Amino acid sequence: MFAILCVFIAGLNHDYYNCRSTSCLARICLRFWTHCLSISTLSDYLGPSFHGFEGKKKKVDIEHLLQYCFSARTVRKVHARLVVSGTLQSVYVSTRLINLYAHLGDLCFARKTFDNIPSRDSYTWNSMIAAYVRTGCSREALNCFSELVSSSQVPPDNYTFPPVLKVCENQIDGKKLHCLVLKLGFVWDVFVAASLIHMYSRFGFPADARNLFESMPFRDSPSWNAMISGYCLNGNLAEALNFVGKMRLGAINLDSVTIASILPVCAQVDDFLGGVLIHLYAIKHGLEHDVFVSNALINMYAKFSRLQLAENIFDKMFAKDLVSWNSIISAYEQNDNPVRAIELFREMKCHGFQPDVLTLVGLASSVAQLGDCQNSRLLHGFVLRRTYLMDSIIMGNAVLDMYAKLGLLDCAQKVFEDLSAKDIISWNTLITGYSQNGFASEAIDAFCKMESCEDTSPNQGTWVSVLPAYSYLGALQQGMKLHGRIIKMPFHLDTYVGTCLVDMYGKCGRLDAALSLFYEIPRISSIPWNAIISCHGIHGHGRVSLKLFQEMQRERVDPDHVTFLSLLSACSHSGLVDEGQWCFHVMQEEYGIRPSLKHYGCMVDLLGRAGLLEKAYEFIKGMTLRPDASIWGALLAACRIHGHIELAEFASDKLFAADSEHVGYYVLLSNIYANAGKWEGVNEMRSLASSRGLKKTPGWSSIEVNSKVDVFYTGNKSHPQVDRIYRELRIRTEEAKSLGYAPDYSFVLQDVEEDEKEHILSSHRQGVHLQSSTTPDHRSYEGG
DNA sequence: GTAGGGTTAG
């Protein structure tokens, strides 16, 4: 074998030695050496061949060969030979071994090597500390640093401080390190200074970082980058951008780090053009193929929903890493294309990448978007096996969010309870899950539990998650108490929190309060406009909704698809047929928004409610999308109002062909039959629904008295004061009748006598306005 | 032979 090696080497033309053959040769040599040939023997045989090593005239030795160890296994073999040959006495060789082990991820052997060195020099200490930092063992790194300081073998030097500063845990320790740096005279080392700047920024002291930066006699681009990343950490995006500008004015080249830091800022401040200019700069300076730059570009383009641009970058990358795959997967996931996200996940696995926490976070969201309950459980199982749920709070929250979005609240609750640590986002996710699935009371319960936790305090997201629950119950007084608390907080004029408050006042009927609050919060996005337009529509003030829309146009705020849903619904509930049709036209022609099934549904409702049944039917026939159950349902509801049995039967055929699982439609058709006195049809619908295992959910209403919400629903008399309530109701009905009130019995859809009909109408009894919403329970809530 | 600043998230 050795003879073959010699022939191979002799056959190489030394003038054309390329790196590949050098590397290959070195590895073969290593192999022989670990099999007990001495280095001098190797050198004697191969000497001339090695002089070509990377063009340097260097004597071959084991230290030189160490750089060709590409696996921890090889290093261990070399290590064993070094111990046998006695070469390990050299601090230099041992330190190199520590670094090799650390780079190959074998921290245990790095430490063993470190422990066995009789006298360590500064390189040894620095290498061991850096090894801990690189592998994320912060505590061990800090302990090692303390050991160095107390051992007095060698003092820490300028190479010691950067890694230690990177992992120090608080500003007080950071300050102590800064004092030591000053004492030892390393403050003007650019590496140490950049680390100090970053440390001060990390702990929220940007002024200290700035002072240090200003006092530096010489600044290189990493010093500037430390300032820029520091401003990003502290959320001062304007100053981060300002520093990039200053760098360019000072003729300091932006490097790949600057670009990777600033691209996310362009996305956050919604500056697409700025982002493209940075991209062009990267191309011009040959930086676009840097992995960090490419990844940052993918993420930026994804945030601007420019998926084609993101995918172009991804495709052109020479070397993709896990972050590249995670970025492109979440790009599709966040732009409502979960199918492509999952496809890319499969491709990623084919390329030999193992998913990490962030891959699975993106995947959990994709699975939720697809409504895929089966895969959600598979994902949960996978995450559990990898112990990610125990190790990562983000992963736990993502699984919780997945179950909440799928409406599997029991699973969500279980995941929440099993979380090894809960943060405010865990609570917010649970509260949002309840709130968005109609479990308002559970949402409020969870909020109250969160408030009783000492180590957790609500943030903006908490208010956004819990306020809709109060709106849902119409709990105005309790909502106002929350408003009272929010107003004292620095973010009380936040668009999202403000919009939730506007929505709460609006839904609870306080349109005046909703409107005055609306004019206090920022109105540059469509979000608050949608809320104020919608709540006026709900209460039948369609013309006000239209006026607000005109105001929105004057303020040059771009409406979105939700704005038009709110407008169409407002017009529908106010009988504004022409205005509704105008909105539908403007949406497409002026704003280029393609109508969704929801918009079509609103239009059918608008025409149908106004009695234009034929026109509504013609409208459905002209649709560019295939009508689903909701469209036929809207037509059916209109037929019910206007008693058009023939069209109702046609619509119901279409409806049940599209969706036979929605109980609301059975109830609707049953009510149509009842209205027409066709009681056999009513019975048929009821038995059909029950034979398919569908249960109707009762309608409900609520009232808030003295910050206490009472919920009533049909067929239930469990309220402790039920007798008093109905006595009062009878008195009020008599009073109303004496003033000329005549009950409209067409809403009583049961085959009973007139006096019974009146009783049904004036109480919460089964048969009146059956709804398919989720039923709240009838517990009461004390004000928070 | 040892060191700084960077990309993805619920």
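What you are looking at is a predicted structure, and each value in this text was computed from that prediction instead of being measured. Throughout, protein chains are lettered first and strands after them, A, B, ... in sequence-line order, and every chain is numbered starting at 1. Atoms considered below: every heavy atom in the structure, side chains included; atoms not considered: hydrogens, waters and symmetry mates.
The residue A:D121 sits close to a base: some heavy atom pair falls under 4.0 Å. A:Q334 comes within contact range of the sugar-phosphate backbone alone, with a heavy-atom separation under 4.0 Å but no base atom that close. If you check every strand for non-hydrogen atoms under 4.0 Å, A:S261 touches sugar and phosphate atoms only. Using a 4.0 Å heavy-atom distance criterion, A:D401 is classed as a sugar-phosphate-only contact. Within 4.0 Å (heavy atoms only), A:T359 reaches no atom of the nucleic acid at all. In this structure, A:R134 reaches the sugar-phosphate backbone alone: every heavy-atom distance under 4.0 Å involves primed, P, OP1 or OP2 atoms, never a base. Heavy atoms of A:N158 sit under 4.0 angstrom from at least one base atom. Contact annotation for A:I393: base contact, defined as any heavy-atom pair under 4.0 Å involving a base atom. Within the nucleic acid shown, A:D321 has no heavy atom closer than 4.0 Å to any nucleic acid atom. Residue A:V357 is classed as having no contact, given no heavy-atom separation below 4.0 Å to the nucleic acid. Among the protein residues, A:K303 comes within range of the sugar-phosphate backbone only, with heavy atoms under 4.0 Å from sugar or phosphate atoms but none that close to a base.
Formation of a donor-acceptor pair under 3.5 Å by the A:S71 side chain with backbone atoms of A:T74 is found in this model.
Aromatic ring orientation, A:H79 versus A:F109: perpendicular (interplanar angle above 60°, classes split at 30° and 60°).
If you measure from atom CG of A:L297 to atom P of B:dT7, you get 13 Å, rounded to the nearest angstrom.
With no hydrogens or angles considered, a side-chain donor-acceptor pair links A:T95 and A:T124 at under 3.5 Å. No donor-acceptor contact under 3.5 angstrom links the side chains of A:N211 and A:E214, judged on distance only.
Remark: A:S229 is in phosphate contact with B:dG6, judged by side-chain N or O atoms under 4.0 Å from OP1 or OP2.
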